[in-house]
Amino acid sequence: MKIVSWNVNGIRAVLGKGALQGFIEKYQPDVLCLQETKAKQGQAEVDFAEYEEIWNSAERAGYSGTAIFTKKKPLSVRFGFLPEQDGLDGWQDEFGDARTEGRVLTAEFEDFYLVNVYVPNEKDDLGRLKYREKTWDVALLSYMKELDKTKPVVVCGDFNVAHEEIDLARPAQNEGHAGFTKSGRQGMTNFLSNGFIDTWREAHPNEQKYSWWSYRGGARQRNVGWRIDYFLASERLREQIKSAEIYDEVMGSDHCPVMLEVA
């Protein structure tokens, strides 16, 4: 099964450019996980007859949101985290409530759970750093571990963090900035020390390749980028991973698609 994750930064925009249609036609993913759709189902002219559409849109118009397009019908679908996690304190901050922003969408297949996530940004002034550290990352790891008790888990999406210095072009200049803070990086370390692997880094231990580039200063043309889009997987899936790729040649968004193929 070939699974692709792509932060499209607005599904209507990427459809309007013909980029999503062209990508699907060329690469033919079995499952396509999108982040930052910025639309509700029916607001975008989507016509991919082979795929079932599953949307988790934000309550706020034109903001956030995730979607899964899949050729194989899931056994079940969940929107958001577990109900008992929704009852925890700390979800509301000055920027909003991540539970209402369509940031988590889970499809259960026969052999594994697939979790599509759009992780909140820490904000340029680090105003959402504590939210990420104390609420979101804790809840996501708890959710991953709970699912993993039943069957293996694949988690994909925009994590809004570069884990190590090799994961961004200019680590020294960005040390402590949003996307490369100690606590944000520790959050990723916590995922990887609790039974999950970074599938692309495992397959490409020394390679520098990026999945996001700022629109400013010709960053993409100069390849001044960040790897912030990931596929994490339960360690026991390691032998079933056939390939992991970053399609940095694909245009249409400030992110490019990333792919995981599992047996």
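Every heavy atom of this structure was used, including side-chain atoms; hydrogens, water molecules and symmetry mates were not. For reference, positions follow the sequence shown, starting with 1. Since the model is a prediction, treat every value here as computed from it, not as a measurement.
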* In this structure, which one of N116, I54, V258 forms a side-chain contact (heavy atoms from CB on, under 4.5 Å) with C33? -> N116
* **Chi angles and distances behind the salt bridge (charged side-chain N to carboxylate O under 4.0 Å, His left out) call for R128, D93** => CA-CA 8 Å; R128 221 171 192 189; D93 71 356; 3.0 Å; yes
* Asked: Would the number of heavy atoms belonging to other residues, nucleotides or ligands and lying under 6.0 Å from CD of E249 be above 12?
  -> yes
* Just checking, any donor-acceptor pair under 3.5 angstrom between side chains of E133 and Y131? -> no
* Ignoring hydrogens and angles, tell me if any N or O in the side chain of Q85 forms a donor-acceptor pair with the backbone of L82 under 3.5 Å. => yes
* Are V250 and F231 co-members of a hydrophobic cluster defined by side-chain heavy atoms under 4.5 Å apart? -> no
* Please answer whether the main-chain N or O of E261 pairs with a side-chain N or O of K242 as donor and acceptor at a distance below 3.5 Å. => no
* Asked: For the residue pair W55 and A44, what are the closest heavy atoms and their distance?
  -> CH2-CB, 4.5 Å
* **Main-chain N/O of T189 paired with S193 side-chain donor or acceptor, under 3.5 Å** => yes
* Asked: Taking atom types as modelled and ignoring hydrogens, do the side chains of N223 and W213 form a donor-acceptor contact shorter than 3.5 angstrom?
  -> yes
* Asked: With distance as the sole test, does N160 use its side chain to make a donor-acceptor pair with the main-chain N or O of V119 at under 3.5 Å?
  -> yes
* Asked: Looking just at side-chain N and O atoms, do W226 and D167 make a donor-acceptor pair shorter than 3.5 Å?
  -> no
* Asked: When you measure from the side chain of T70 to the backbone N and O of K73, does any donor-acceptor pair fall under 3.5 Å?
  -> no
* Output all residues satisfying ring pair (Phe, Tyr, Trp, His ring centres under 6.0 Å) with H204, sequence neighbours left out; order by chain, then residue number. => W200
Could you go through residues 149-156 and list every donor-acceptor pair under 3.5 Å that involves a side-chain atom there, pairing it with any protein atom two or more places apart or in another chain?
| residue | atom | partner | partner atom | Å |
| --- | --- | --- | --- | --- |
| K149 | NZ | E146 | OE1 | 3.1 |
| K151 | NZ | E108 | OE2 | 2.9 |
| K151 | NZ | F109 | O | 2.9 |
| K151 | NZ | E110 | O | 3.2 |

* Asked: Taking the six-membered ring of F180 as reference, does the NZ or CZ atom of R185 fall below 6.0 Å from its centre and within a 45° cone about the axis?
  -> yes
* Answer whether the closest heavy-atom distance between the side chains of W6 and Y247 falls below 4.5 Å. => no
* Side chains of D148 and S234: do they bring a donor and an acceptor to under 3.5 Å? -> yes
* **Between T66 and Q35, a side-chain donor and acceptor under 3.5 Å** => no
* Hey, is the main chain of W91 close enough, under 3.5 Å, to the side chain of T135 for a donor-acceptor pair? -> no
* Asked: Is the number of heavy atoms from other residues, nucleotides or ligands under 6.0 Å of R216 CZ greater than 12?
  -> no
* Any Lys/Arg nitrogen of E202 or R238 sitting under 4.0 Å from an Asp/Glu carboxylate oxygen of the other? -> yes
* **Within 6.0 Å of CD in E45, more than 12 heavy atoms from elsewhere** => no
* Is any side-chain heavy atom of Y215 closer than 4.5 Å to a side-chain heavy atom of N9? -> yes
* **Result of checking V115, L192, L260, L140 against L232 for side-chain contact (heavy atoms from CB on, under 4.5 Å)** => L192
* Asked: Within 45° of the six-membered ring axis of Y27 and under 6.0 Å from that ring's centre, is NZ or CZ of K2 located there?
  -> no
* Between the side chains of N7 and E36, is a donor N or O closer than 3.5 angstrom to an acceptor N or O? -> yes
* Are R99 and D97 ion-paired here, with the side-chain N under 4.0 Å from a carboxylate O? -> yes
* Nearest heavy atoms of Y51 and P29, plus distance in Å -> OH-O, 2.6 Å
* Indicate whether the side chain of Q21 and that of K26 have a donor and an acceptor atom separated by less than 3.5 Å. => no
* Asked: Angle class for the Y143/F81 ring planes (parallel below 30°, perpendicular above 60°, tilted otherwise)?
  -> perpendicular
* For K40, does its backbone N or O pair with a side-chain atom of Q43 as donor and acceptor, under 3.5 Å? -> yes
* Asked: Are any of the side-chain heavy atoms of L141 and D137 separated by less than 4.5 Å?
  -> no
* Asked: Hey, is NZ on K145 packed in by over 12 heavy atoms from elsewhere, all under 6.0 Å?
  -> no
* Asked: Can a donor-acceptor pair be found between the side chains of T199 and Y230 at a distance below 3.5 Å?
  -> no
* Around atom CG of D124, are there more than 12 heavy atoms of other residues, nucleotides or ligands at under 6.0 Å? -> no
* Do any N or O atoms from the side chain of R222 and from the backbone of G217 form a donor-acceptor pair under 3.5 angstrom? -> yes
* Is a side-chain donor or acceptor of S64 paired with a backbone partner of A58 at a separation under 3.5 angstrom? -> no
* **Polar side-chain atom of E122 near backbone of G179 as donor-acceptor pair, under 3.5 Å** => yes
